[in-house]
Amino acid sequence: MEHNLYIYNTLSRRKEQFIPIHENKVGMYVCGPTVYGDAHLGHARPAITFDILFRYLKHLGYKVRYVRNITDVGHLENDADSGEDKIAKKARLDELEPMEVVQYYTNRYHKAMEVLNVLPPSIEPHASGHIMEQIDFTRKILDAGFAYESEGSIYFDVEKYNKKYQYGKLSGRNVEDMLETTRELDGQGEKRRSVDFALWKKAAPEHIMRWKSPWSEGFPGWHIECSAMGTKYLGAEFDIHGGGMDLMFPHHECEIAQSTAALGKESVHYWMHNNMITIGGQKMGKSLGNFITLEQFFCGNHKLLSKPFSPMTIRFFILQAHYRSTVDFSSAALEASERGLSRLMEGYSRLQKLTASSNSSVDTTGLRTKCEEAMCDDLNTPIVISYLFEALHGINLIHDGKDTISASDLEELKSVFTLFVEDILGLKPDNQASFEIEAYKHAIDLLLNMRLEAKQNKDWATSDKIRNELIALGFEIKDTKDGFEWKI
RNA sequence: GGUACUUUGGCCGAGUGGCUAGGCGCCGGUCUGCAAAACCGUUUACGGCGGUUCGAAUCCGCCAAGUACCUCCA
């Protein structure tokens, strides 16, 4: 395969050329949502980041298996000594079945991803559907001697593991330091060391979500689902594992330890982490309570939002920053993105209507290569977007008759725009044309043609009436040299 | 306290040694019966102090400010 895709590997802290384990095939695993609440802006970032990677790998010609899990068991509340997990707690508060809560938020997550034009992954495994695999994985770690049982729970023996392998390599920590600095938490009496983590947790009597295991009735630990499901669907070794930077430690560190302990080798070749979205310079997160849900963005229903923002604006806003940088949310920043996107998409539609000349006075060569190079440089979407804006400038000049383009250059330009705007960046016009919409468009055209006639008769009263009333209904009317354009 | 990282023009945000992205906004212009929109043009920045170099936003050192992780979090 001819390409020079470089991606930043958190393990080595540098960009590395991407070479898959199996030629022409890529396995990637990304940590998905915990479905006990609505997705917020922060959840959109990894979804979009790895959607871009998924799309780009496919564009390069790979057959990609993209696994993104749904976490519906196992994450402990920090105040829950009893080992009550988040799903169960929420369920009891709402007096719903746990799986009802899971289903509700999973559906809403899917809906949000769909409107963001995030492609569905190849496999979306639920943790609750892979209890057996997690038990088997835990048993492998026990058999390898890197875990111990304590009162019905199984814990990973970090100190022992660290003697043979290296615990902390991903996040740059060492066990000795951690033993000194880790805070004392409650409920750690069963563990030998504070750094040890649960692989299987015995359920307290009031705990709703529980499964039988060789050790106790309980539930799997915080990190085991990704090791178990990742290797189940992608193999003992696979190419890419992604997720948010906040999962680097402890979650991904523990995953590495689990997989290495169970399988004797590291599973993941490239670890990729997207940075956080901040709000007022601070991370947007559930625990800080400073998050804005995607639905609130779409409805404009939040005190920090000046207006509703379309899913494509959110997507574009995220793509305008590199995925490894923090990006600071503000209503003003989103408004800027909205205008930029609107201009880009109008130019894209304008491009479709350009007429070719016998030769080109604009230089469009190299756009495809430049965009490919930017994508190959660790998915540098902001650079791709900047090239598209530069090309947009040319499109506008041609549209204004100040420049010309040949038929073959026009075809190439259209092809590049379709490829990068739609296929790779996944941007699409917000108002998707449909059959009903066509009729309605014709009606508006009719009105505006009447206005045109009135104008020709210098009947300004009528022409202004039509324009003003349409504007009052939310339309934007633009007069052009020989007619009009409009949008809503 | 430990670890990792950040600091770019009015705002957002790329950029790792010379060619000094891009968007939004501002301002000027074109178009227009008026207006709006659109389009065109303009707007030169890299936290501070040293150092390396012919040359640094980019490398090194110190200082300052800020963030993340170390507990569930995308």
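Remember, predicted model here, so these are calculated numbers, not experimental data. In the text below, chain A, chain B and the rest are named by the order of the sequence lines, each starting its count at 1.
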inquiry  = Between B:C19 and B:C46, how far apart are the two P atoms, rounded to whole Å?
reply    =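 Taking atom P in both B:C19 and B:C46, they lie 15 Å apart.
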Euclidean distance for P, B:C70 against B:C63 (whole angstrom): 27 Å
Determine whether the aromatic ring centres of [X] and [Y] lie less than 6.0 Å apart.
X	Y	answer
A:Phe197	A:His223	yes
A:Phe309	A:Phe298	no
A:Phe156	A:Tyr161	yes

Without decimals, in angstroms, what is the distance between [X] [atom1] and [N] [atom2]?
X	N	atom1	atom2	result
A:Ile279	B:A68	CD1	C1'	16 Å
A:Tyr387	B:G13	OH	C1'	15 Å
A:Tyr36	B:C73	OH	C1'	6 Å

Checklist entry - Ignoring hydrogens and geometry, is there a side-chain-to-backbone donor-acceptor pair from A:Asp328 to A:Gly281 under 3.5 Å? => result yes
I want to verify a distance call: between [options], whose nearest atom is closest to the [X] side chain?
X	options	value
A:Ala321	B:C73, B:A14, B:C24	B:A14
A:Arg451	B:C34, B:A14, B:G23	B:C34
A:Arg350	B:A74, B:A68, B:C39	B:C39
A:Asn396	B:C24, B:C70, B:C40	B:C40
A:Asp479	B:C34, B:G22, B:A14	B:C34
A:Arg467	B:A74, B:G13, B:A35	B:A35
A:Phe389	B:A74, B:G13, B:G23	B:G23

Is a donor-acceptor contact shorter than 3.5 angstrom present between the side chain of A:Asn275 and the base of B:A68? no
Any N/O donor-acceptor pair, A:Lys402 side-chain to B:C40 base, under 3.5 Å: no
**Report entry** Ring geometry between A:His241 and A:His252 (parallel below 30°, tilted from 30 to 60°, perpendicular above 60°)
**Finding:**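 Answer is perpendicular, since the angle exceeds 60°.
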